[in-house]
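Here's the structure we're looking at; comments come further down.
Positions are given from 1, in the same order as the sequence printed here. Quick caveat, the model's predicted, so the values are computed rather than measured.
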Amino acid sequence: MALLSLGLLLAPRGSSAQEAAAAAEAAGVRAFSLHEAITYAEKRNPDLLVTRARVQAARAAALVPRAQWLPSVGATAQIIGSTVNNSTATVLSNPRVDLPRIGATRISAEPDFTPYASTLVAVGMRQELFDFGRIAAQTAALDAQAELERQRAEGAKLDVALRVTEAYWAVRAAKSVARAADEAAGRAAAHRDAARAGVGAGLRTPVDLARAEAEVARFEVAKVRAQGSLAAAQAVFAAVVGVPDAALDAGDEASEDEAPGALDELLERAREGSAEIHEAKARVDLAKAETRAAAALMRPDLFLTAAISGRAGGATPSNGSTVGGHGFAPLVPNWDVGVVLSVPIYDPVLVARRDALREVEDVREAELQATRVMQEAAVRQAHLGLVAARQALAALSRAAAAARANHEQAEARFKAGLGTMLELVDAEALRVEAEVERAVGGFAVARARAALQRAVAEVR
């Protein structure tokens, strides 16, 4: 990712909170500590805003099955032209209004193919009385889906915390490099001035001055590049945290010396709190809930139905009574109330779907076991990486201290006229390289620690 393309190379050590705040103020850039950055990102990071919206959408969807307990009201209006053998009124079935068969019967010796008009206006209501657990099973399935989205959101929060931590240390790394480059450029300029004075006094050769000038140019370029790296790292930090600013600076000092803890303890914490394991468990629960919901569709359904209707048919019934309007005016009123028990005896589609979902349960259980194994491996890897990085950092710190001492000795010899410019330049290069390597080691520790915290589901 471009997020860490430059800033994740190094990590600083030893700068104070006052120095960081002063640098940020001078550059006109707001500064956040690591804790402040993570807290702000949890509220404003775009990725987390998306995950929270998904959780809300899943929770809203879980309310849909519960609405089946509320009464539903529907209406229909019909005008039909058809033959009416054995009936004086024709009504089309519809899903909104339950209508019983009402009307006189027309009996004739011969079939009559003359069309007659029929009209209907009706309003009906249906109320669930007892669902035998069907609605509860559907609700549980969607609640499980909402829980899965919530677990995904928890994992996304840990991922954002990891990215913020890495970006924070990227900024501090860039500041460390910029500081080292600036100090090296200042020392190179002082050495050049000393060489120029030595040439003027006849104590140094022009070659020494030329080499010193080259070193000044070299470190000036390094300084410009370091400043560019710092600006890029601050821009990435701002984007990850979610601040509207174009750049964000890393604030107070964060500790690099926290002990990783015993491996067994870390593994236990990962088993209890790992976002990946919790998400895998939520997938298992969702698969089981969906299987129960599919099986519940084969249960009976008991509901109350009622309707008020007006209808009329244009054909003359057998009793000879007629209604005005020739069937075009629904003038015959009726009402009805009933309790209906609907029993799905056998539906092969529902049976096949239930059986398929049971197979999905087995898949999700296998995925859970695989996730447990992979998570333990991730914790072990992160723990070993942190231990190795801390050991390497100790050696790099000693190397940096030795390089600084070597440079001080070379500088003293040069000022006393006992050392050459070449010796001083070599000592300067060794010192800068050792400081950079120490910074790289410091960042490796910070990144490894952040990876371990992510593996055991800890947010700093």
Can you check salt bridge (Lys or Arg N to Asp or Glu O under 4.0 Å) on E268 and R271, steps first, answer last?
CA-CA 5 Å; E268 184 62 28; R271 294 186 192 103; 3.1 Å; yes

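- Each of R192, R187, R404 was checked for a salt bridge (Lys or Arg N to Asp or Glu O under 4.0 Å) with E428, and the lone residue meeting it is R187.
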Checking R152 against E279 for the salt bridge (Lys or Arg N to Asp or Glu O under 4.0 Å) test, could you report, in this order, the C-alpha distance in whole Å, the side-chain angles of both residues, the deciding distance, and whether it holds?
CA-CA 6 Å; R152 286 173 176 166; E279 182 176 339; 3.7 Å; yes

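- In terms of the side chain to side chain contact (heavy atoms under 4.5 Å, CB included) criterion, residue partners of R44 (sequence neighbours excluded) are, by chain and number, Y40.
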Quiz: residues 66-77 side-chain donor-acceptor pairs under 3.5 angstrom, not counting sequence neighbours:
residue, atom, partner, partner atom, Å
R66, NH1, A62, O, 2.7
R66, NH2, D143, OD2, 3.1
Q68, OE1, R134, NH1, 2.9
Q68, NE2, P65, O, 3.4
Q68, NE2, Q138, OE1, 2.7
T76, OG1, Q78, NE2, 3.3

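- For V360, the side chain to side chain contact (heavy atoms under 4.5 Å, CB included) partners are A287, R364, not counting sequence neighbours.
- Partners of K281 according to the salt bridge (Lys or Arg N to Asp or Glu O under 4.0 Å) rule, which considers only residues two or more places apart in sequence or in another chain, do not exist here.
- Partners of Q391 by side chain to side chain contact (heavy atoms under 4.5 Å, CB included), not counting sequence neighbours, listed by chain and number: V387.
- Applying the side chain to side chain contact (heavy atoms under 4.5 Å, CB included) test to D347 and every residue at least two apart in sequence or in another chain returns V349, L350.
- When each of R358, E359, R353, E361 is tested with T291 by the rule side-chain hydrogen bond (donor to acceptor under 3.5 Å, both in side chains), just one qualifies, namely E361.
- A distance-only check finds no donor-acceptor pair linking the side chain of R431 to the backbone of H407 [under 3.5 Å].
- Between E435 and R438 no salt bridge is recorded (no basic side-chain N to carboxylate O distance below 4.0 Å).
- L92 contributes atom CG, which lies 12.0 Å from atom CD1 of I79 (distance to the nearest 0.5 angstrom).
- S229 places a side-chain N or O within 3.5 Å of a backbone atom of R225 that can act as its donor or acceptor partner.
- Between the R380 side chain and the L267 main chain, no donor and acceptor come within less than 3.5 Å of each other.
- Here R283 does not pair with E367 in a salt bridge; the nearest charged N to carboxylate O distance is not below 4.0 Å.
- Open room surrounds CD1 on I308; 12 or fewer heavy atoms of other groups in view lie less than 6.0 Å from it.
- Crowding of R196 atom CZ: a count of heavy atoms from other residues, nucleotides or ligands under 6.0 Å exceeding 12.
- Within the 3.5 Å criterion, the main-chain N or O of A455 finds a donor-acceptor partner in the side chain of Q375.
- A pairwise comparison of heavy atoms in Y168 and S33 identifies CE1-C, 4.0 Å as the closest pair.
- Atom CZ of R54 sits in a sparse spot, with 12 or fewer heavy atoms from other residues, nucleotides or ligands closer than 6.0 Å.
- Taking the charged nitrogens against the carboxylate oxygens, E166 and R163 have no contact shorter than 4.0 Å, which rules out a salt bridge.
- Side-chain atoms of E365 and Q369 form no donor-acceptor pair, as typed in the model, at a separation below 3.5 Å.
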